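This report concerns only the one structure given below.
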Amino acid sequence: MVGADILSGLNEAQRRAVTSQARQVLVLAGPGSGKTRVLTYRIAYLIALQGVRPYQILAVTFTNKAAREMQTRVERLLQMERLPSEIWLGTFHATCARMLRREVKYLPLDQNFVIMDADDQLAIVRRAIKDLNISDKLYRPTTVHAAISHAKNNLLLPKEYPVRSYRDEVILRIYERYQQVLQDSNAVDFDDLLLWAYRLLLENPQVCENYQRRFAHILVDEFQDTNMAQYALLRLLNGRENSLFVVGDEDQSIYRWRGADYRNVLRFEEDYPAREKVLLEQNYRSTQTVLDAARRVIDRNPHRTAKHLSSARGESGERIILYEAVDDYAEAAYVVDTIERLLAAHRAKGSDFAVMYRTNAQSRLLEEAFLRAGLGYRLVGALRFYGRREVKDVIAFLRLAQNPADEISLARVINVPPRGIGDKTLVALQLAARQAGLAAGEVLLDLGRRGGESPFWKAFSGRSVIPLADFGALLAGWHESAAALPLPTLFDRILVDTVYHEYIDDESDEGKDRWENVQELRKMAYDFQERGLSAFLENLALVSDQDTMDRNPEQEVPTLLTLHAAKGLEFKQVFIIGLDEGLLPHNRSMDDPEEMAEERRLFYVGITRAKDNLYLVRASQRSSYGSFEPTEPSRFLEDIPENLLQPQGVLRSVLRRRSPSFFGGTQAYPSVSRREQAAPQAAPVIVRRFQPSMRVRHPSWGEGIVLESKVVDGEETVDVAFASVGFKRLIASLAGLEVL
DNA sequence: AGATGAGCGGTTTTT
DNA sequence: CCGCTCATCT
């Protein structure tokens with residue numbers, strides 16, 4: 001039996017949070033302070049010790065991964081095989097979808113409505129822009145979509161959309177058309193899930209009250225990432241009797257550009273003055289050195305509750321290594337060299353390492369360096385399974401089977417594989433449909449079922465109606481069997497009917513790969529055969545690539561990922577590269593203090609991922625758009641005190657701003673860790689490999705001639721004249737020079 | 001329908 | 001500079 005000892009695994013602050021009886025609880029949890037622990041223990045505590053029924057609990061997260069993790073951890077705590085499904089534990093979006101399906105009678109939607117993902121949303125914007133005869137050069141679909149999404153996140157329906165310029169007026173018209181396309185397609189987009197749920201509760205007080213009464217306890221993860229819609233929804237759900245328990249960290253809010261507003265934390269405090277506030281400052285992840293550096297960086301941000309993270313590990317740990325490479329090639333080489341060296345010395349294993357960067361483009365040079373070294377790696381966020389054409393095609397077929405009104409899916413696959421339905425025919429179909437007040441898919445169904453008997457038959461010129469009727473017949477067959485056939489059977493039938501295998505698999509490696517992706521999707525469909533087509537589609541819409549990626553077996557290799565993707569993860573050895581002005585902080589954030597503050601938080605998130613060692617790396621020149629440009633060290637580096645840093649390599653520009661004693665590196669600071677003394681990073685005796693007039697080859701600059709070689713700061717430094725780029729000064733150990 | 005070249009944009013991307 | 005999208009041609 002699970003007893004009161006459930007609380008013994010918590011520190012004092014955690015226990016105070018978990019057992020709080022306050023109506024509103026705000027837990028500000030520093031990185032590595034047991035945020036998930038508090039949430040899971042709270043749920044377990046409520047169920048096991050407070051007699052709360054799972055039915056009365058709503059717990060929301062931002063990612064499926066977080067939801068899954070919370071679920072399994074609660075199950076383990078309660079020693080349950082499986083948490084009862086009456087508990088609502090899921091992402092904001094999945095929770096809203098669940099609510100909307102239950103209450104669909106209050107909404108202008110059919111029970112089988114579909115959820116449009118980001119790609120679909122863009123396709124709808126394109127379609128709306130086209131329908132309205134607006135220039136997509138002046139009104140870029142991505143920009144317009146961002147405006148619409150932003151409006152929805154702020155709960156603004158078209159009729160409330162603020163128009164302050166002609167441009168706004170045009171965007172409003174696109175927004176209106178966009179919503180019309182969604183409604184005609186019996187669909188909602190991601191943002192609508194929140195927006196509709198909010199309107200549902202706002203406009204139907206009795207529905208709202210039902211949920212308020214039901215959910216005695218509402219728990220929210222990553223509260224700093226909520227947007228206006230989510231916050232408003234939570235406020236509605238928190239009625240007179242029930243409790244709202246939110247956990248977050250303003251300092252880790254890095255999704256402002258997606259509508260997240262960390263000021264919801266401040267708002268929460270204002271809206272609920274009686275809230276209990278708990279700070280979690282005991283850190284179980286990093287060394288004190290890492291935490292001190294992180295704190296110095298983040299303390300410069302305003303509007304936050306300052307936290308004093310202290311390490312529970314009882315050791316200050318090793319210094320943070322600061323390295324300045326001559327250029328971005330050398331930067332990548334340094335990272336790979338260092339990893340190789342630590343692996344060779346058995347001081348770490350592959351999966352201990354993570355290399356983090358601001359932009360995805362930075363992964364390219366890293367990948368090349370890993371490849372050159374013959375070292376495996378795992379790239380996060382690159383492989384977009386659901387972004388693959390073949391996967392999207394098959395999903396579109398399935399969506400049509402479920403909901404033939406889905407205009408976007410229809411437009412996507414009506415001519416896939418090519419069946420002679422061109423643009424003209426499609427426009428004619430859409431026109432005929434609009435005149436009849438039907439969806440294009442419904443006209444197709446009729447053509448398919450009744451053939452020449454259909455009133456639509458004569459609406460098409462010549463033989464163009466034949467492929468339409470043929471496809472309509474297929475669609476009718478799928479639609480009728482969508483509910484009856486087992487999902488895998490339907491899946492296979494669609495593939496057979498469309499001759500899809502032959503279409504995508506041309507026997508090339510790529511073709512085989514594409515077919516494998518379809519097979520992978522089929523496997524997932526198989527897993528869903530109990531729950532059926534609509535559950536499968538819902539899952540596909542609400543599950544991201546990030547989630548599927550974790551299905552792959554963990555390999556013992558370093559991970560390459562953006563700082564955004566790193567949130568929530570931890571690694572023993574962390575490299576953060578590209579610490580240059582313009583990259584981190586990014587150029588685009590320079591003229592807005594709020595954006596700059598977010599860049600700082602991004603760096604903070606990166607730093608606090610490190611358990612044991614942190615390496616901060618920059619390049620003094622960087623190849624951008626072809627030519628090399630000199631760079632300035634990131635302003636964030638200035639905030640890290642020297643006594644936490646261990647300079648390595650040359651560090652020209654970083655050090656120029658610091659005291660002269662810093663040039664001494666190791667010697668200037670006697671309190672270097674044991675490990676550092678035992679294994680000096682630079683070879684003690686420098687043997688020069690190069691001599692003047694030697695012919696050499698650089699991995700990117702090609703052939704050159706050595707002009708001079710000398711030892712500078714314990715590194716062999718070579719001057720080389722390259723045929724391609726002229727004179728360069730290189731660090732021999734990093735440049736990857738090959739003697740010819 | 002598929003190939004080819006011009007032209008443009010190049011931050012992050014939980015659902 | 002490179003890679004992608006889109007328009008235009010065949």
Side-chain angles (χ1 to χ4, degrees), chain A residues 60-69 90-97 115-122 126 130 136-137 140-143 145-146 149 152-153 188-195 197 221-227 229-230 248 252-260 356-364 380-382 384 386-387 415-423 503 538-547 549 561-569 578 582-590 595 598-599 601-603 605-606 622-629 700 725:
Chain A
V60 281
T61 65
F62 274 84
T63 65
N64 294 294
K65 195 174 150 200
R68 245 190 342 258
E69 188 181 338
T91 64
F92 264 105
H93 290 83
T95 300
C96 290
I115 299 165
M116 298 286 183
D117 68 17
D119 285 345
D120 302 323
Q121 292 179 46
L122 212 53
R126 289 213 178 87
K130 209 169 172 182
D136 61 356
K137 291 277 182 294
R140 302 202 164 282
T142 47
T143 316
H145 173 244
S149 181
K152 289 185 174 187
N153 287 162
V188 298
D189 68 13
F190 279 146
D191 303 318
D192 281 341
L193 289 171
L194 307 171
L195 181 57
D221 189 18
E222 304 278 17
F223 182 69
Q224 77 284 350
D225 285 335
T226 51
N227 62 29
Q230 288 156 335
Q252 294 184 68
S253 171
I254 54 174
Y255 286 102
R256 191 182 112 91
W257 46 279
R258 301 265 320 229
M356 303 174 185
Y357 36 79
R358 177 66 239 265
T359 70
N360 278 311
Q362 289 171 267
S363 73
R364 212 194 82 229
V380 173
R384 289 184 35 81
Y386 295 109
N415 200 33
V416 173
R419 52 173 68 86
I421 303 175
D423 250 9
Y503 168 61
E538 179 132 331
N539 187 262
L540 288 176
L542 296 175
V543 161
S544 76
D545 289 294
Q546 295 265 320
D547 295 303
M549 218 171 29
L561 74 181
T562 63
L563 287 162
H564 283 91
K567 191 172 136 191
L569 306 177
L583 261 184
L584 186 64
H586 197 272
N587 267 330
R588 299 237 173 157
S589 308
M590 293 294 183
E595 303 238 309
E598 179 141 319
E599 296 289 309
R601 293 194 290 268
L602 201 46
F603 185 40
V605 165
R622 209 165 268 285
S623 49
S624 64
Y625 308 140
S627 63
F628 274 91
E629 301 283 344
S700 50
V725 288

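All figures in this text were calculated on a predicted structure; none of them were measured in a lab. Each chain gets a letter, A, B and so on, in the order the sequences are listed, and its residues count up from 1. The figures that follow rest on heavy atoms only: side chains count, while hydrogens, waters and symmetry mates do not.
The distance from atom CZ of A:R622 to atom CG of A:L583, rounded to the nearest 0.5 Å, is 5.0 Å. Rounding to the nearest 0.5 angstrom, the gap separating the NE2 atom in A:H93 from the CG atom in A:N64 is 11.0 Å. Taking OG1 of A:T226 as the start and CG of A:L194 as the end, the distance is 10.5 Å to the nearest 0.5 Å.
Here B:dG2 is the nucleotide among B:dG2, B:dT13, B:dT11 with the atom lying nearest to any side-chain atom of A:P418. Taking every side-chain heavy atom of A:Y255 into account, B:dT14 is the closest of B:dT14, B:dG9, B:dT15. You'll find that the side chain of A:H564 is closest to B:dT12, out of B:dT15, B:dT12, B:dT14. The A:A565 side chain lies nearest to B:dT13 when the options are B:dT13, B:dT11, B:dT15. Relative to the side chain of A:N360, the nucleotides B:dT13, B:dT11, B:dT14 differ in distance, and B:dT13 lies closest.
Taking the C1' atom of each, C:dC6 and B:dT11 are spaced 24 Å apart, rounded to whole Å.
The aromatic rings of A:H564 and A:Y255 are tilted relative to each other, their planes meeting at an angle between 30° and 60°.
With centres under 5.5 Å and a plane angle under 30° as the test, the ring of A:H93 is not stacked against the base of B:dT15. A distance cut-off of 5.5 Å between ring centres, combined with a plane angle under 30°, places A:W257 in a stacking arrangement with the base of B:dT12.
Look at A:T562 and you'll find a side-chain N or O under 4.0 angstrom from OP1 or OP2 of B:dT13. Within the 4.0 Å cut-off from OP1 or OP2 of B:dT15, at least one side-chain nitrogen or oxygen of A:N64 is found. A sub-4.0 Å separation between OP1 or OP2 of B:dT14 and a side-chain N or O of A:N227 is absent.
Scanning atom types as modelled, no donor and acceptor separated by under 3.5 angstrom connect the side chain of A:R588 and the base of B:dT11. For A:R258 and B:dT15, a side-chain-to-base donor-acceptor distance below 3.5 Å is present, hydrogens and geometry of angles not being considered.
Residue-to-nucleotide proximity on DNA chain B shows that, of A:I254 and A:G422, the 5′-proximal contact is made by A:G422.
Within the nucleic acid shown, A:N415 comes within 4.0 Å of sugar-phosphate atoms alone, with no base atom in reach, counting heavy atoms only. Using a 4.0 Å heavy-atom distance criterion, A:D225 is classed as a base contact. Among the atoms of the strands shown, none is found under 4.0 Å from any heavy atom of A:R601.
Contacts between chain A and DNA chain C, taken as any atom within less than 4.0 angstrom of a protein heavy atom, begin and end at C:dC1 to C:dC6.
Protein atom CD of A:Q230 is 12 Å distant from nucleotide atom P of B:dT15, rounded to whole Å.
By the salt bridge (charged side-chain N to carboxylate O under 4.0 Å, His left out) test, A:D120 is found to be paired with A:K392, A:R399, residues two or more places apart in sequence or in another chain being considered.
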